[in-house]
Enquirer: 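Before anything else, here's the structure in question.
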Amino acid sequence: MLADTVGGILGRLKDGVLEVPLPKDSPDEQVDSPEITIKFALTVELRGNVDADELQATDAVNKATEMVNALATPQIVGLAGSVINTGINIATELQTFENTWSVLLKRMALFNKIVAGIAEIHPYTSLAWSVISAANQVLVNQQGRDDRVVRLAGMMSDVFAFVEDAEPLKVVEAHREHIKLLIQQVTECGYFITEYAKQDNFWTRTAKYTFSDVDSKVTDYENKLRDLKAAFLDGITLQSGVTVFRMMNVVQTITKSMDLSDMPYAHGARYVEEKGCLPGTREAIIHDICNVLNNPGEDAPRVCLLTGVAGSGKSAVAHSIARLYDGQQRLGSSYCFLRSDVTRRNPSNFFSTIALDLSDHDSQYKAELCQVVENNRSLRTSISLSEQVRRLIVEPSKHLDTIGPLIVVVDALDESGDQANRRGLLRAFTEQVAENNFPKNLRFLITARPEKDILDELASSPQIVHKQLGDVAEEVVDEDIRKFIRHSLHRYTELESAWPNQVWCRLLVRHSQHLFQWASTARRFIEGDGAIGLSMRERLEILIQRKNVGLHPLDDLYRTILGQLFTLDNVQDKFRDVMALVLALKEPLSLTSLAALFNGDPNIRDIIKPLGSLLDGTYDETKPIRPLHTSFRDFLLDDVRSSAFHVNILPRHSLSLGHASLGCMRKMLKFNICDLEDSRLRNNAVPYLADRVSNVIPPYLTYSCQYWMDHVQHTESTPELLDEITSFFKTFFPFWLEALSLLSLFHPTSYTLSALTACTILRQWAKDCEIATLATEASQFIQLFAPIISESAPHLYLSAMPQTPSSSPLCQLWVNHLQNHLSVTSGHLASWPVEMHTLQGHTNHVTSIAYSPDGAHIVSGSRDKTIRVWNPITGQCVATLPEVNTISVTSVAYSPDGNYIVAGSESIRIWDANTGQHVAGPFQGHRHLITAVAYSPGGSCVVSGSMDKMIRIWDADTGLCVAGPLEGHTDVVRSLAFSPEGSQFVSGSEDNTLRVWNVNTGECMAGPFGHYTTVYSVAYSPDGCYVASGSRDETIRVWDPSTGVCVAGPFQGHTGWIYSVAYSPDGNHIASASADTTIRIWDAKTGQCVAGPYQGHTLSVTSVVYSPDGSCLVSGSWDKTIKIWNLNTSYHVEHTSQGHTDMVTSVAYSPDGNNIVSGSYDGTLKTWNANTGQHVQTPFQNSIVLVSSVIFSPSGRHIIFSLGSTIGIWDTITEQGMRGTAGPVTSVAYSSDGRYIVSGSEDCSIKVWESQALDSVREICYQENGWIELSDGACLCWIPSWARSSFSLPLHTLVLSSNETYKLDFGNFLHGESWASCWK
């Protein structure tokens, strides 16, 4: 009579009453027996610990059942409904959406209740309920549904038919893994239905999604559900997981896959499964967060911010959410900041790490990302956070039509740095959120302490849902803490004996003050992590007898534990010293590594091992040692909070780490440390090299190589320490770079940068000592041979060392060890070249450049409408600011604090220099193009000049024009410069004059005074006493700004317009850049040219600035490049150079083969002796019109050349010339006997080739990046940048250049498999 399942009985209840008719059992069917109906009044009582999920599920089922509308599938489609066995006695052909979806919802709600106590399954069931409920709401609002949804919903319902069996809980218990896979697959189906049904009518959907794509996905889902159900019923183990589709339609065929390893990545920042919440706790807040993340609405918030005080359990929730969505294959990325690991986890690699994780997660996304960053290394390594998030995340995902959410979990955002450091990250992120630029299905969970700057940026946005752990009822938190404590300690009967009926548990809950971190730390202490000689009962008593008297609830707990572990004064001293070492580390090291670094010092293990309740890495000694919670680190470093246990990191601790690092490197570094067999293979081509590197360069040696100087710099440079470092450097410098070269396999640029940083710091720290000189030389070596260091360890010895300038003290480090090496027989430099780097990236003229105040970056503006930021050490473009200008960027400048960049174009804009974010502007008021901008020394004002002949002064914060327009100039204002104290500024104009202005009043204080033609550039001396100007008249003049009197000049020497002048930081010199493609340095008082001309640019040099320390110049040119020049070297291109100074455009042999003629963009015609390469004469030269082609007359007497729009003829006998009509000629010619070919090149060189020798090009190949390769791509050697234009391959018979021909002798060159014999 009542043979039914609980679910069946509950389904028949009406107003709490069950009616059951009794059957008619009369043997005489003719007897008319009355029908008897029995009514039962039933009360359904929920379990005492029913949770919010169950109540919400029940409520959602009721609401969903009420709201479902009838299904109306357009008949024209003609899709036949599948026959689905739902276990319900309803005819398949009459199956409707209402009953199919209603049955699914009811079964899932019942299933959710059944598995509520099963930790492995319930989180996924809760997630599935969240998704299916959301799908239901979307379907309710549909105007037309089709059979595909019904078909899939029916199959989803069918897999849960077992819940109506007599004992469904036993079924679930017996098949947990199968059930978990089933519920995960149903969740995926829910995501698909939600996305598919978002288009509110059938015809819109069919227009957007093809039948083949949708049908194939539905079929795949059904097949997987069918397989999972069969495996569940038959007890078969499945070999595959859940079927997940992330794209509605295939966006493109994935054909490209590129190496993205040079993109910064935060290793170790991923979530840790073990750090999640105890199953069965925090369920309500997790469910709420999942609802936010799963919300399918088009206007649904994209971000959930979870805040709470230290120790409240934010991170545990974050790790739980990450674990849940990872199990669902929906975790796009997780990034956990950690204050003790800021070297590896910081804002600079935050967005790039997320982008790489997303590309690993989805091949379509990776294809889009590769397309964005391909052939753009500067973008892949950009430091601009605004550019990173926009180009690496938003742009690759904007074309993707995704199914279901993709979750990014960000934990402990407050630990990403102080307010200044994380400001850029917050701004870059919130800007994209505010503009709805993130893809609709990319959802973020962010946890943080409620810091003001974080709340100001995130909590106020309508696109961000803010949830606070402090809003959770204290009794709910305490109940979760009780569950956690009881689960962790229930097996210890000693506690129950001392405090029966779980009084011990309630005591701990009460003392926790609602903080999970307190409970977690107390649990570890009670279990015995560190406390020796005490019973569990005694340890618990210690905790509950103390009262919190500190500012933070955790402080007393920390003091109690430390006081129990370290009672004696001398032991506390050891604790403070060891913890100072731990906290001073630039990156966390494991206990094994830290002990090895200090040669097994027993104090380290003795102090660290007992701290298991407070530190991670005490039990597993291979894990990095770090505070289990950041609050413990904060506690130790705050002397008020930690009192006797305060850790003060002193110089002696830095010295200990520096000494230990030096000792480690001395002990372990050696030549060919990885036993590389063949020099022809680059590091990344050596099989299993990564494993070999990890084996021979353990973490503590890696740490030593990276950070030894970071620690030494905080100590005093005593003679003993200087001697120690000098000795190390002279012996181990090559081996140190070799180790860093091998480590570059893991991070292509970071290790080279760490070497350069170490040498830079060492030079400054050691001042005028011998090691300072070596460090300066080492910096040059690393900068110029950086490609070798990062690509090939053997060629550090084979290519870099032999080509080091002969007078460098570094050569003495290997002169007695290097043998049978490459020899430079011609063109070997005596000292380092002036030109250090050529920065390439702009696609049009570079118009303006500026150094950041700290010298760490260079900013450039260009006619290509972009602003780029460069690393002057590596030459890399580290950021390209978002392009908002419609015309050229004409002028750029840094703010005095280096935090902002101002740029002039059609208007004035200001950018955050750290993030690349546009923060102010456009400042509008000028009527024409902005030609010059400058920051005031205090940073409060910006002054601008324009083609409208006006000058304006702006408030840098508000963008308001506070003065101007200042009138006086009668033509374009070309240049502006503030006086050092900021009270006045000077302007230069195309009206040929300079004027000096009062900043406060706008009054013209001096002028006009000036040149005979346009003044292109003005600059104040550092003391403010003088102003230098450069002009179209090819001269430089120095003025007294108070009187307008010319006190020095004109300085003459340039043969072209002078576009830029700059004072050296000490005021003794003036640098100038000219249209003649050169740079010169002048004595500021005498006007004597003391250095230069520096040659290298091929078009007009438009901008020049000194580095803040005066050691370098940086120049920008119309040739689209930026060059950095080293002023500390004695190697200069002399003014008397007889070679061409610009592009060689055409050459020709004389008929007798004795002479060669060449023409160049430098406006000259030159003849050379073909046998010796000696320059014979310069028949013609001018500074305005370019020589574009040359050829000898058949008799050899005349040279015909193209000169602009005319043809010039030069008589070699009379040495007289004439001009004729226009006409082009070729730029190559054969010798009279056909044996030779002469060619001219844009690199200012002339080379003579044997025509027969061209066949050897197939055997030896010269690459533009300097590598000389064999036909199979194997590396033979590498040529430095300064020698490439004049380098002579074996197939060359002659090379003519402004520099001496660069020749190498390969005769005794040991390379390939014998390379290791080069060192003795």
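Sequence positions, counted from 1, serve as the residue numbers for this chain.
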Enquirer: Heavy-atom distance under 4.5 Å between the side chains of Phe729 and Leu762, does that happen here?
Expert: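 The answer is yes, as the side chains (C-beta and beyond) meet within the 4.5 Å cut-off.
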Enquirer: Evaluate the criterion salt bridge (Lys or Arg N to Asp or Glu O under 4.0 Å) for residue pair Glu1269 and Arg682; output intermediate values, then yes/no.
Expert: CA-CA 11 Å; Glu1269 297 179 350; Arg682 291 181 174 89; 3.0 Å; yes
Enquirer: Strictly by modelled atom types, are Glu587 and Thr343 linked by a side-chain donor-acceptor pair under 3.5 Å?
Expert: no
Enquirer: May I ask you to decide if Gly841's main-chain N or O and Arg868's side chain share a donor-acceptor pair within less than 3.5 Å?
Expert: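 Flag set: sc Arg868 to bb Gly841 pair under 3.5 Å.
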Enquirer: Could you check whether any side-chain heavy atom of Ile725 comes within less than 4.5 Å of a side-chain heavy atom of Leu662, counting everything from C-beta outward?
Expert: yes
Enquirer: Do Leu784 and Pro833 have side chains that approach each other closer than 4.5 Å (heavy atoms only, starting at C-beta)?
Expert: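 SC-SC contact between Leu784 and Pro833 confirmed.
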Enquirer: If we ignore hydrogens and angles and just use 3.5 Å, is the side chain of Asp864 paired with the main-chain N or O of Thr843 as donor and acceptor?
Expert: yes
Enquirer: Please check if the side chain of Gln388 supplies one atom and the backbone of Leu379 the other of a donor-acceptor pair under 3.5 Å.
Expert: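 Not confirmed, Gln388 side chain does not pair with Leu379 backbone.
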Enquirer: Do Asn349 and Tyr335 have side-chain N/O donor and acceptor atoms under 3.5 Å apart?
Expert: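 There is such a pair (donor and acceptor under 3.5 Å, judged by atom type) between the side chains of Asn349 and Tyr335.
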Enquirer: Strictly under 6.0 Å, is that where the ring centroids of Tyr265 and His267 end up?
Expert: yes
Enquirer: Under 3.5 Å, side chain of Arg345 to main-chain N/O of Cys336, donor-acceptor pair present?
Expert: yes
Enquirer: Spell out, as yes or no, whether a donor-acceptor pair under 3.5 Å connects the side chain of His842 to the backbone of Ile1122.
Expert: no
Enquirer: Side-chain donor-acceptor contacts of residues 1309-1320 below 3.5 Å, not counting sequence neighbours, with atom names and distances?
Expert:
from: His1311; atom 1: ND1; to: Phe1309; atom 2: O; distance (Å): 3.3
from: Ser1314; atom 1: OG; to: His1311; atom 2: O; distance (Å): 3.0
from: Trp1315; atom 1: NE1; to: Leu676; atom 2: O; distance (Å): 2.9

Enquirer: Check Asp326 with Arg270, please: is the shortest side-chain N to carboxylate O separation under 4.0 Å?
Expert: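 Here Arg270 pairs with Asp326 in a salt bridge, since their nearest N and O are under 4.0 Å apart.
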Enquirer: Taking the side chain as every heavy atom from C-beta outward, state whether Ile1268 and Ile1279 have any pair of such atoms under 4.5 Å apart.
Expert: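 Side-chain contact under 4.5 Å: yes.
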Enquirer: Which pair of heavy atoms, one from Trp1278 and one from Pro1280, lies closest together, and at what distance?
Expert: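 Closest approach of Trp1278 to Pro1280, heavy atoms only: CZ3-CA, 3.4 Å.
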Enquirer: Within the 4.5 Å heavy-atom criterion, are Gln803 and Val824 side-chain neighbours or not?
Expert: yes
Enquirer: Consider only side-chain N and O atoms of Ser808 and Glu777, and report whether a donor and an acceptor are under 3.5 Å apart.
Expert: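 Checked: Ser808/Glu777 side chains pair up, N/O donor to acceptor below 3.5 Å.
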Enquirer: Quick check: Phe337 with Phe350 (ring centres under 6.0 Å apart)?
Expert: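 Yes - the distance between ring centres of Phe350 and Phe337 falls below the 6.0 Å cut-off.
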Enquirer: I'd like to check the side chain to side chain donor-acceptor pair (under 3.5 Å) partners of Ser852; sequence neighbours left out, ordered by chain and number.
Expert: Asp854
Enquirer: Would you call the rings of Phe732 and Phe728 parallel, tilted or perpendicular if under 30° counts as parallel and over 60° as perpendicular?
Expert: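 Correct class here is parallel.
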Enquirer: Does the pair Asp341 and Arg344 meet the rule for a salt bridge (Lys or Arg N to Asp or Glu O under 4.0 Å), with working shown?
Expert: CA-CA 6 Å; Asp341 195 15; Arg344 291 188 298 180; 3.2 Å; yes
Enquirer: Over 60° means perpendicular and under 30° means parallel, so classify the ring planes of Trp708 and Trp736, tilted if in between.
Expert: perpendicular
Enquirer: Is a donor on one side and an acceptor on the other found under 3.5 Å between the side chain of Ser333 and the backbone of Leu358?
Expert: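 Pair absent, no side-chain N/O of Ser333 close to backbone of Leu358.
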Enquirer: Using every non-hydrogen atom in the two residues, find where Pro787 and Ser790 come nearest and quote the distance to one decimal.
Expert: O-OG, 3.3 Å
Enquirer: May I ask you to decide if Pro699's main-chain N or O and Ser593's side chain share a donor-acceptor pair within less than 3.5 Å?
Expert: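 It does not hold such a pair.
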Enquirer: So, for Tyr797 and Phe671, is the gap between ring centers shorter than 6.0 Å?
Expert: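 Close enough - the centres of the two rings lie under 6.0 Å apart.
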Enquirer: Where is the tightest heavy-atom contact between Ala266 and Thr353, given as atom of each residue plus distance?
Expert: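 For Ala266 versus Thr353, the nearest heavy atoms are N-OG1, 2.9 Å.
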Enquirer: Go through the steps for Arg692 and Glu677 under the test salt bridge (Lys or Arg N to Asp or Glu O under 4.0 Å), then give the verdict.
Expert: CA-CA 13 Å; Arg692 292 160 68 177; Glu677 297 89 357; 3.3 Å; yes
Enquirer: Quick one: does Ser792's side chain get under 4.5 Å of Trp1267's, heavy atoms only?
Expert: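 Ser792 reaches Trp1267 side chain to side chain.
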Enquirer: Answer with yes or no whether the side chains of His711 and Ser661 bring together a donor and an acceptor at under 3.5 Å.
Expert: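 No donor-acceptor contact under 3.5 Å links the two side chains.
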Enquirer: Taking atom CG of Leu597 and atom OG1 of Thr592, what is their separation to the nearest 0.5 Å?
Expert: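 Here the rounded value is 12.5 Å.
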Enquirer: Work out which heavy atom in Pro794 is nearest to a heavy atom in Asn683; give both atom names and the distance.
Expert: CD-OD1, 4.3 Å
Enquirer: Verify the distance criterion only: is there a donor paired with an acceptor across the side chains of Ser741 and Ser744 at less than 3.5 Å?
Expert: no
Enquirer: Side-chain contact test, heavy atoms from C-beta onward, threshold under 4.5 Å: evaluate it for Tyr703 versus Lys586 and give yes or no.
Expert: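 Touching, per the 4.5 Å side-chain cut-off.
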Enquirer: In sequence, state the C-alpha distance, the side-chain angles, and the governing distance for Leu737 and Ile782, and then conclude on side-chain contact (heavy atoms from CB on, under 4.5 Å).
Expert: CA-CA 9 Å; Leu737 289 187; Ile782 294 167; 4.1 Å; yes
Enquirer: Check ring-ring contact (aromatic ring centres under 6.0 Å, His included) between Phe781 and all other residues, then give those that pass, not counting sequence neighbours.
Expert: Phe733, Phe785, Trp814
Enquirer: I'd like to know if the side chain of Glu738 and the backbone of Pro734 have a donor-acceptor N/O pair within less than 3.5 Å.
Expert: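 Answer holds: no.
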